[in-house]
Amino acid sequence: MVKIVFFASIREVLGCASLDLNIGKGVSLSRLVAMLGEQRGELWCVALTAENVRVAVNQELVQGDPLLSIGDEIAFFPPVTGG
Amino acid sequence: MSQKIIIQEAPFRMQDEYQKLKSVTRAVGAVAIFVGVVRDINDGADVHGLHLEHYPGMTEREIGKILAMAEDRWPLHAATVIHRVGALDPGDEIVLVGIAAGHRGDAFAACEFVIDYLKTRATFWKKEQTSEGEGWLTTREADLSAAATWEE
């Protein structure tokens, strides 16, 4: 099981703030996104692979396509606009 | 360096934060405080209000990393970051960055460094209500280039 969280415009587009997903060992981030697209529809694939989407795993920004572990918290969010 | 990072909905009192920063040690000779305020106009539209959300946990970690970078670059005695979330109106204070150092040059520089990095790295998002409707803000080029200048 991994926990997936969404923030700001991405949360609003998907209509979802968080969900839990059962994944096996050795699942990559891109595979996770593909699984979500298969389960939830094309909108999810588009929203989560848009160019400006940032991804954090266990609250650390990640680049590329890391392998995920059971228990990870994966976050998808747009560029930050605080301050 | 003593440090304080708070994310809260409630307003903050700048005078209280100043007193705490300057009282950390008698070696403090300079306190620089930056306060960000909600404007009533942005990109030509009248702003009626803002809603701010953040990523609890990651936000505090990112700000902690920024303060650690500042401490590596300048000799500092104390740092405070308070950022508000939730509903804010024009004129409301949104963020406070306070730095206590021995000398003003270090306090000024570290204060600017922290707010520049906060704007591009800390996980906050602003949604603006304007006369033309509401929408999420996008990153400003000026903010990105301000943070980038510290890396040169």
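Proteins come first, then strands; the chains are lettered A, B, ... in the order of their sequence lines, and each starts at number 1.
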#### Entry: Contact origin within B:R84 toward chain A - heavy atom pairs under 4.5 Å
neither
### Query
Short question: side chain of B:H83, backbone of A:G83 - any donor-acceptor pair under 3.5 Å?
yes
### Transitive ILVMFWY side-chain link B:M1 to B:I115, under 4.5 Å
yes
### Message
On a heavy-atom basis, which atom in A:V80 and which in B:T123 lie closest, and how many Å separate them?
### Response
CG1-CA, 3.6 Å
### Query
Checking A:N52 against chain B: side chain, backbone, both or neither under 4.5 Å from a heavy atom?
neither
### Query
Does atom NZ of B:K20 have more than 12 heavy-atom neighbours from other groups under 6.0 Å away?
yes
### Task
Give a yes or no on whether A:F77 and A:V57 share a hydrophobic cluster (residues Ile, Leu, Val, Met, Phe, Trp, Tyr; joining criterion: side-chain heavy atoms under 4.5 Å apart).
no
### Task
Decide if atom CD of B:E151 counts as having more than 12 heavy atoms of other residues, nucleotides or ligands within a radius under 6.0 Å.
yes
### Co-membership, hydrophobic cluster, residues B:L76 and B:L118, 4.5 Å side-chain
yes
#### Entry: Heavy atoms of other groups near B:K65 NZ, more than 12 under 6.0 Å
yes
### Neighbours of chain A found in residues 52-62 of chain B - heavy atoms under 4.5 Å
B:E53, B:H54, B:Y55, B:P56, B:G57, B:M58, B:R61, B:E62
### Task
Please list, in residue-number order, every residue in residues 10-41 of chain A that has a heavy atom less than 4.5 Å from any heavy atom of chain B; write 'none' if there are none.
A:R11, A:E12
### Query
Which of residues 90-113 of chain B get closer than 4.5 angstrom to chain A, counting heavy atoms alone?
B:I94, B:V95
#### Entry: Linked, directly or transitively: B:W74 and B:M69 (ILVMFWY side chains, under 4.5 Å)
yes
### B:I7 with B:V35, same ILVMFWY side-chain cluster at under 4.5 Å
no
### Query
A:A56 versus chain B, heavy atoms under 4.5 Å apart: side chain, backbone, both or neither?
side chain
### Query
Are there residues of residues 124-149 of chain B that reach to under 4.5 Å of chain A by heavy atoms, and which ones?
B:F124, B:W125, B:K126, B:K127, B:W136, B:L137, B:T138, B:T139
